[in-house]
Amino acid sequence: MKTERITIGDASKHVGETVQVPGWLYNLRKSGKIVFPLLRDGTGLMQCVAVKSALPEAVFDTIKDLTQESSVVFTGKIRADQRAPGGYEMDVENVDVMQHIPESDPYPITPKDHGIDFLMDHRHLWLRSQRQHAILGVRHEVIRAVRDYFDSHGFTLVDTPIFTPAACEGTTTLFEVNYFEDEKAYLAQSGQLYNEATAMAFGKVYCFGPTFRAEKSKTRRHLTEFWMVEPEMAYATLEDVKRVGEEMIVFVVNRVLENRRAELKALERDVSKLEAIQTPFPRMSYDDAVKLLQSKGSEIQWGGDFGGTDETLLSQEHNRPLMVDGYPSAVKAFYMQPEPSRPEVALCVDILAPEGYGEIIGGGQRIHDYDLLLRRIEEHKLPKQAFDWYLDLRRFGTVPHGGFGMGIERCVAWICGLEHIRETIAFPRMLYRLHP
RNA sequence: UCCUCAGUAGCUCAAUGGUAGAGCAUUCGGCUGUUAACCGAAGGGUUGUAGGUUCGAGUCCUACCUGAGGAGCCA
């Protein structure tokens, strides 16, 4: 009879059975005639027990000499045991070694401390460690929840191009691609303009994909390549955008709390901070935010954008994400709809995550009037020709519409309580990091 | 692009301008319930690179390289 292969995650269903578990050796503790190999398989960690007196000498010797991260298949009987890290233990009966990593060239990431540079250089291996594994598990849950939210609220996924002919927002720096015959192409920094077109076709849409920013940013909040989800809604106002934003965030946080408790625990995340995330989110105008910041000693003047420290100060005021609306039009993108009674401010909103994490969502209502949009394009000295199709949307059945973009990595960093965004993506691309 | 800090054993870090050290990892030995196991021993170095000051530089000075944190900009 063939022994069944199981994963560590399913160990609880096989207590008392003799099974095979394929995996990698996470660590090994020896005590003379008994050894404790700790096996990792991507679904969890399981402590195994090999007793010399109960095994053929060759099998015991093979196990006791295993090296960290060697690939092995253990065969043995599963048993519940409180002393084991995962709650279940295997009494090893046999081992099949796929690859024994040689002692002369051992696995570089030992169970002790390492510096960030070393770990980033070995990112392809670092992903195997428990903490990184937990973070990427939460990331997966966040992405799944985001898609489930939009899919179950009438949104259609319509993905937007990565190669684009012009800047979406004139100011930011773009990655140039020299391939297309007659003109330069750029890597997308947002799918929003295209979303506006598809929203007029489907009503409610979202896109989800990588975006690229060639900013020389070098902070804990920045990646050169990051993933963004961008919903866009026809016949929508700023209020609609805010409501969807807060609902979606609460939905995502609840999903992670439901399905990723173990990961949050591994990350030592204070889950009470996440359990406090409920609608409605506190709201504040840009005007009031500036006054508040000034009272706290910030240098900010009305008309300027918030610095990182300003965002941190604001978001620490509340235990829920904070919505700040009505930024000066001058600091926002050209397509932002002005407030009718105060054209100098825009119908836009930023959502700042609590605990000092800063902006995770930026969005607003878009200009739907042809003449105003054309004027803005000219004021920003953008090439009108490149925006002809975008202007067309205002010629053929224009309606008020809006949406937002959420940076997945910033959201994951906040939910996981991480110091730095670089751990929220498998292979981060940053100003000075392209490898591995 | 600018500012600040750092670079010493495979890794994490010590070392008043005066003999280059420890823990982990590796190798050898010991231990039948370990939890980053523990105990004993051994091997392991062109102190990021190039100049300079000095009787003498890991340490001081200059330039460069690499990285980290931050600013501006942004999600």
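Proximity of A:Arg144 to A:Val252: side-chain heavy atoms (C-beta onward) are nowhere separated by under 4.5 Å.
Residue A:Lys332 contributes atom NZ, which lies 12 Å from atom C1' of B:C73 at whole-angstrom precision. Atom CD in A:Gln189 sits about 15 Å away from atom P in B:C73, given to the nearest Å. Per the geometry, CZ belonging to A:Arg131 stands 15 Å off C1' belonging to B:A36, to the nearest Å. Rounded to whole Å, atom C1' of B:A71 lies 14 Å from atom CD of A:Glu311. For the pair A:Lys218 NZ and B:U4 C1', the computed distance is 11 Å after rounding to whole Å. Look at CE on A:Met46: it is 21 Å from P on B:G33, rounded to the nearest Å. A:Ile116 has its CD1 atom 17 Å from the C1' atom of B:C13, to the nearest Å. Look at CH2 on A:Trp126: it is 18 Å from C1' on B:G10, rounded to the nearest Å.
At a threshold of 4.0 angstrom between heavy atoms, the contacts of A:Ile361 are confined to the sugar-phosphate backbone, with no base atom among them. Within 4.0 Å of A:Ser53, counting heavy atoms only, lies at least one base atom of the nucleic acid. Within 4.0 Å (heavy atoms only), A:Phe36 reaches at least one base atom of the nucleic acid. Note on A:Glu89: a base of the nucleic acid sits closer than 4.0 angstrom, heavy atoms only.
Here, B:G45 and B:G30 have their P atoms 28 Å apart, quoted to the whole Å. Comparing the P positions of B:U4 and B:U62 gives a spacing of 12 Å, expressed to the nearest Å. Annotation: B:A25 and B:U12 have their P atoms spaced 15 Å apart (nearest Å). B:U8 sits 10 Å from B:A14 when the C1' atoms are compared, rounded to a whole Å. B:G48 sits 12 Å from B:G58 when the C1' atoms are compared, rounded to a whole Å. Comparing the P positions of B:C11 and B:C64 gives an interatomic distance of 27 Å, to the nearest angstrom. Across the P atoms, B:U46 and B:A20 are found 14 Å apart, a figure rounded to whole Å. When the C1' atom is used for both B:C5 and B:C24, the distance is 26 Å, rounded to whole Å.
Considering only the side chain of A:Ser31, B:U32 comes nearest among B:C74, B:A68, B:U32. Among the nucleotides B:U34, B:A75, B:U12, the one closest to any side-chain atom of A:Arg83 is B:U34. When the nucleotides B:U12, B:A68, B:C74 are ranked by their closest atom to the side chain of A:Arg422, B:A68 comes out on top. For A:Gln47, the listed nucleotide lying nearest its side chain is B:U34; candidates were B:U34, B:A71, B:A75. Counting only heavy atoms from C-beta on, A:Arg410 has its side chain closest to B:C74 among B:A36, B:C74, B:C11. For A:Lys30, the side-chain atoms get nearest to B:C31 when compared with the rest of B:C31, B:U1, B:A75. Side-chain atoms of A:Glu215 lie closest to B:C74 of the nucleotides B:C24, B:C74, B:U26. For A:Lys33, the side-chain atoms get nearest to B:C31 when compared with the rest of B:C31, B:C74, B:C11.
When each of A:Val51 and A:Arg433 is assigned the nucleotide of RNA chain B with its nearest heavy atom, A:Val51 is the one assigned upstream, toward the 5' end.
Scanning atom types as modelled, one donor and one acceptor separated by under 3.5 angstrom connect the side chain of A:Ser217 and the base of B:C73. Taking only distance into account, the side chain of A:Glu419 never meets the base of B:G69 through a donor-acceptor pair shorter than 3.5 Å. Within 3.5 Å, no donor on the side chain of A:Ser104 pairs with an acceptor on the base of B:U26, nor the reverse. Counting distance only, with no hydrogens placed and no angle test, the side-chain atoms of A:His222 and the base atoms of B:C74 include a donor-acceptor pair under 3.5 Å.
Using the six-membered ring where Trp is involved, A:Tyr286 and A:Tyr327 have ring planes that are tilted, between 30° and 60° apart. By the 30° and 60° cut-offs, the orientation of the rings of A:Phe155 relative to A:Phe150 is perpendicular. Ring orientation note: the planes of A:Phe334 and A:Tyr390 are nearly perpendicular, at an angle over 60° on the 30°/60° scale.
Counting only N and O atoms by type, the side chains of A:Arg83 and A:Gln47 include no donor and acceptor under 3.5 Å apart. Under the 3.5 Å distance criterion, with hydrogens and angles disregarded, no donor-acceptor pair is assigned to the side chains of A:Gln130 and A:Arg40.
Within the structure, a side-chain polar atom (N or O) of A:His420 is placed less than 4.0 Å from OP1 or OP2 of B:G69. For A:Lys216 and B:C73, the shortest distance from a side-chain N or O to OP1 or OP2 is not below 4.0 Å. Taking side-chain N and O atoms only, A:Arg29 has no distance below 4.0 Å to OP1 or OP2 of B:U32.
In this structure B:A25 sits in no base pair that meets the Watson-Crick or G-U test at under 3.5 Å.
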Would you tabulate the side-chain donor-acceptor contacts of residues 277-285 of chain A under 3.5 Å, counting partners in other chains and residues two or more places apart, or write 'none'?
residue  : atom : partner  : partner atom : Å
A:Gln278 : NE2  : A:Glu275 : O            : 3.4
A:Arg283 : NH1  : A:Glu239 : OE1          : 3.3
A:Arg283 : NH2  : A:Glu246 : OE2          : 3.0
A:Ser285 : OG   : A:Asp288 : N            : 3.1
A:Ser285 : OG   : A:Asp288 : OD2          : 3.3

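Salt bridge absent: A:Arg131 and A:Glu263 never bring a charged side-chain N and a carboxylate O closer than 4.0 Å.
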